[in-house]
There are 2 protein chains.
Amino acid sequence: MNNHSNDAPLTLRDVAAAAGVSLATADRVVNGRPGVSAKTAHKVHEAVQRLGFRPLAAAAELARARSWRFAVVLPGGGNRFMMDIADNIRAQADWFRARRIGVEIIEADVFDADTLAAELATLPGRFDGVALVALDHPRIRAAIDDLVDGGTAVVTLVSDAPTSRRQHYVGIDNIAAGRTAGSLVGRFLGPPRAGEAGGAVGIITGSGSLRDHAERRFGFGQVLSEEYPHLTRLIPVEGRDDPERNRDLVRRMLAGTPDLVAIYNSGEGSVGIGEALAEAGLARKILCVGHELTPATRRMLLDGTFAALVAQDPGHEARSMARVLHALVTGQEIVAAQEHIRVQVILRDNLP
Amino acid sequence: MNNHSNDAPLTLRDVAAAAGVSLATADRVVNGRPGVSAKTAHKVHEAVQRLGFRPLAAAAELARARSWRFAVVLPGGGNRFMMDIADNIRAQADWFRARRIGVEIIEADVFDADTLAAELATLPGRFDGVALVALDHPRIRAAIDDLVDGGTAVVTLVSDAPTSRRQHYVGIDNIAAGRTAGSLVGRFLGPPRAGEAGGAVGIITGSGSLRDHAERRFGFGQVLSEEYPHLTRLIPVEGRDDPERNRDLVRRMLAGTPDLVAIYNSGEGSVGIGEALAEAGLARKILCVGHELTPATRRMLLDGTFAALVAQDPGHEARSMARVLHALVTGQEIVAAQEHIRVQVILRDNLP
DNA sequence: CGAGTTTTGAGGTGCGCAACTCAAAAATTG
DNA sequence: CAATTTTTGAGTTGCGCACCTCAAAACTCG
C-alpha cells in the first residue's frame, strides 16, 4: 500500500518497548486483564494506535488453544433452500475444523413458537455460538435473550428477530427483496395497453407469521400500489412453501381470475405454480416471479415459466454465519461489507 | 455435524501414531519433503485420509513464519470502479497484516500493451503474488507466463487473459453480463406495438480491445438478435469510459437516430449519457442500462435515468483476490463457490 | 559379507501470542 | 514511618506446526 505499510513483523514486544513497559504489562492491557493503572494502560493503547499493532491472527488463535461449539437451528421438513444452507454448512467442515469449531445442525419446527422455544431452551451452556432461523415472536425473543445472557453468541439467519438481543442478522433485507420483485413484475408487464385495464396479480406466500415473508409481501405491495396502480393485487394466499398446496391455490386462482396476468410467490414451492400453469396451457403466458434458486426454479427459469427470481446466496449466508460467530466468540472484528447479504436478481442469463 | 465430527484436537502426532511412523516421517510426507519410501508415504496418506486430518491453519501459518509480497496492477486514470477496487484493497490492510502480507498497488496504463508489459517485466522476483487487470494480448500473456515461470502466483482481475498461465481469474463472466443487459433491455422495452417497428438500440463501449468489454458486447448482441429481433442494434461506438466522450456520442446518436428507444453502455462513464439525455429532455424516455455501481450510476438509478445496472461487487473481488493469492502462495485449497463472482442485477429497489 | 545408500526415528528450535506465577517495585494508607 | 495494597517486571509454558540436524536402522549392490 502506501509505503508506510510496515512489513517489519510488528509484535507485541515492539509495542511494549515503544510504550516503555514490559511485555507482561502490554499483554495485560491488550487482553484486558486487570491490575494495570490507567496511566500505563493509556501509554500502551497509544503505542498500539501509533504503531498500528494487530495481534497476528494465527498466533492468537493457536495460543488460545480452545475449541468452540456452535449450533445451527434450521427448519426441518424438506425445504429446499434450508437444505442448501445445511449443505453449505457441511461443506465448510474443513474450515470449522481448522478453527477447532464443532458444529451441530439442529432441525426444528420453526413455524411453531412453543416447539422452537423449547428447543432453544435446551441450548444455553451447551454452545458458544448459536445461529437460528428466528420466528419473530415474544417467546422466541425471550429464548434468544436467555442465550445471550448466558454468554452465548447469537445470530439470526434468513429471518430476523430484530428486537431480540441477537448480535447479528445474517440475511437479506426482505422489504427490498419484495420491492425488487414488485418492480420486476411491473416493468416486465409493461405499461397498460390503451383502453385496457392492467390485469390482476396473484400473490402466494409461505406463512403469514414468518417475518421475512411478511416483509416481502409488504415491499411488493408498496411498489405495486405506488408505481403500477393499474394492476390489481389479489389477496395473498398461504401455501406454506408446499408445492402441492401452491398448485391447488393457482388452479383456483386461474379459475376465479380471468384477467390474471402475473403471479408472485414470496415463499418456496414455486414448482407447484409451474405445474398448475402448464396444466392450463398458460406457462409463459402469465408472468411469474419467485424467490430462491433451487433445481426446480432454475429449470422453470430456463424454460421461461418464471421470468426472474429474487434470491439470496445460501453459500454466502452459511459462510457469513460461520465467520460472524467465529469473530464474535474470538472477539475479532466483523467486516460489515463482507457480511452484507445481497438481494440478487436472477434471470436466465445470469444464472450462476 | 454428524456426530463423527471429531472435536478431539486431531494433530499430526495422531496421524503419525495411527500410521505407525514417527512424527518426523509423517511430517515429511505431509509437507512433501524427500526421503520417504513409497510404502511408508502411502501408510501416512492413508492415515491422513482415514482420520480426516487437516493441519490447523493457525499453527501452520505461524510456523511458516514468512511474509509475502503481493502486487496489484490496476488501471490508473480515475476510473471509478477501479478506484473502488483499490479502496477495498486498502480497506483490507488489517487482513493482510494479520497474514504478514505486504501489498503494493501499482497504477498502470492497462490500455496499452507495451506499457503494461514493461511494467509487468519489472515484477518477477520482487513479488510472491500478482493480481492484474489483464489486457488479452500476446505480449501481456508472455509477461504473465514469465511471472508464473518465476514462481509468482498470478491472478487476473476483472478482465481475463484465459490463454495465459495465470492460476485464477477473479471476475465475472462478461458474456453472461452482456446477455443479462440484453435481456433487461428486451424485456423492459416490451413487445413491439402492433404495426410499429421495434426501434433502435444504441451501444456504447469502453474499449474495443479489452476482453471484458468485447465479451459484454457479444453477449448483449447475442440476446438481442436471438430474442428481440424487432430491435435494431446500432454499431457500437467507443467512449473509452470517459463521461465527456460518452456525452458527445449520445448527442450525436440522438441527432441521427429518431427511433432510438434504448442505450446500453458496456463500459464506464455512464454519467455522460445521463447528461446528454437530460439536455435533450429525454431522460426516462429512453431506456438505459449500464454497468457497475458508482455514486453517479446510483444517482441515475434512483432518478430513473437508468432502469437497471449490471454489476460486479468490487469488495468481493478485492477480498477474493486476496484470499486466492494467499491460498496459492501458502498452498491452501481454494473454495470455488466462495470465489465465484456473481453477475448482479441492480434495480432501484435492491440498491445495496 | 561389507561398503555404500536410502530410509527412518529422535530430538530440537522458533513462530507470536495467551495465560499464568512469583517476586520486586511503587503507590497508598493508617 | 511502617504496613499494606496495587502495579509492574521477569519469566515460564504450551498451542501445532514447519523445518532442521544427527544418528541409527534398514535396505541395496557388488
Side-chain angles (χ1 to χ4, degrees), chain A residues 6-45 47-48 51-68 94 97-101 329-332, chain B residues 6-45 47-48 51-68 94 97-101 329-332:
Chain A
N6 214 333
D7 50 352
L10 188 63
T11 75
L12 188 57
R13 203 171 228 95
D14 303 321
V15 173
V21 302
S22 73
L23 188 69
T25 300
D27 173 76
R28 286 182 184 109
V29 174
V30 168
N31 290 293
R33 275 183 274 277
V36 181
S37 69
K39 208 180 63 182
T40 355
H42 179 76
K43 281 198 298 186
V44 175
H45 279 133
V48 167
L51 303 183
F53 168 80
R54 301 274 305 180
L56 186 65
E61 195 154 308
L62 183 58
R64 232 180 297 264
R66 62 163 287 189
S67 58
W68 312 95
D94 278 357
R97 188 167 34 221
R99 283 155 189 79
R100 296 191 182 91
I101 299 170
V329 298
T330 61
Q332 290 177 48
Chain B
N6 214 334
D7 50 354
L10 188 62
T11 75
L12 187 57
R13 202 170 230 97
D14 303 321
V15 173
V21 302
S22 74
L23 189 70
T25 300
D27 172 76
R28 286 182 185 108
V29 174
V30 168
N31 290 295
R33 273 183 277 275
V36 180
S37 70
K39 208 179 65 180
T40 354
H42 179 76
K43 280 198 299 185
V44 174
H45 280 134
V48 167
L51 301 183
F53 169 79
R54 302 274 305 181
L56 186 66
E61 195 154 309
L62 182 58
R64 236 179 295 263
R66 62 163 287 191
S67 59
W68 312 97
D94 278 356
R97 187 167 34 219
R99 283 156 188 79
R100 295 189 184 92
I101 299 170
V329 297
T330 61
Q332 290 177 49

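The chains referred to below are lettered A, B, ... by the order of the sequence lines, with proteins before strands, and numbering in each begins at 1. Any value given below was found using the heavy atoms of this structure, including those in side chains, with hydrogens, waters and symmetry copies removed.
One interatomic measurement links the two molecules: CG of B:Leu12 to P of C:dG9, which rounds to 13 Å at whole-angstrom precision. Going from atom NZ of B:Lys43 over to atom C1' of C:dT8 covers 10 Å, rounded to whole Å. If you take CZ of A:Arg13 and P of D:dT12, they are 12 Å apart, rounded to a whole angstrom. One interatomic measurement links the two molecules: CG of B:Leu23 to P of C:dG12, which rounds to 13 Å at whole-angstrom precision. Rounded to whole Å, atom C1' of C:dC17 lies 13 Å from atom CG of A:Asp14. Taking atom CH2 on B:Trp68 and atom P on C:dC15, their separation rounds to 17 Å, with Å as the unit. Summarising the geometry, the separation between CD on A:Glu61 and P on D:dC17 is reported as 13 Å, rounded to the nearest angstrom. Atom-to-atom, CG of A:Asp27 to P of D:dT13 comes out at 17 Å; the value is rounded to the nearest Å.
The phosphate of C:dG9 has OP1 or OP2 within less than 4.0 Å of a side-chain N or O from B:Thr25.
To the nearest 0.5 Å, atom CG of residue A:Leu51 and atom OG1 of residue A:Thr11 are 10.0 Å apart.
Nearest-nucleotide mapping onto DNA chain D: of B:Arg54 and B:Ala24, the residue sitting toward the 5' end is B:Arg54. DNA chain D is contacted by both B:Leu56 and A:Gly20; A:Gly20 maps to the nucleotide lying nearer its 5′ end (nearest heavy atom per residue).
Counting only heavy atoms from C-beta on, A:Ala63 has its side chain closest to C:dC17 among C:dC17, D:dA10, C:dA10. Closest approach to the B:Arg28 side chain among D:dG16, C:dT8, D:dC15 is made by C:dT8 (side chain taken as heavy atoms from C-beta onward). Distance from the side chain of B:Ser22 is smallest to C:dA10 among D:dA18, C:dA10, C:dG16. Residue A:Phe53 has its side chain nearest to C:dC17 when only D:dA18, C:dC17, D:dG16 are considered.
Counting heavy atoms from C-beta outward, A:Phe53 and A:Leu12 have side chains that approach closer than 4.5 Å. Between A:Arg100 and A:Leu62 the shortest side-chain heavy-atom distance falls below 4.5 Å.
Proximity of residues 30-41 of chain A to DNA chain C (heavy atom under 4.0 angstrom from any strand atom) is restricted to A:Asn31, A:Arg33.
Evaluation of the side chain to side chain contact (heavy atoms under 4.5 Å, CB included) rule for B:Ala24 yields B:Ser22, B:Arg28 as partners, not counting sequence neighbours.
Counting non-hydrogen atoms under 4.0 angstrom, B:Ala60 reaches the backbone sugars and phosphates but no base.
Atom CZ of A:Arg33 has more than 12 heavy atoms from other residues, nucleotides or ligands within 6.0 Å.
Put simply, the side chain of A:His45 gets close to the backbone of A:Ala41: a donor and an acceptor are under 3.5 Å apart.
Just one residue in the list A:Val36, A:Asp27, A:Val21 forms a side chain to side chain contact (heavy atoms under 4.5 Å, CB included) with A:Val44, and that residue is A:Val21.
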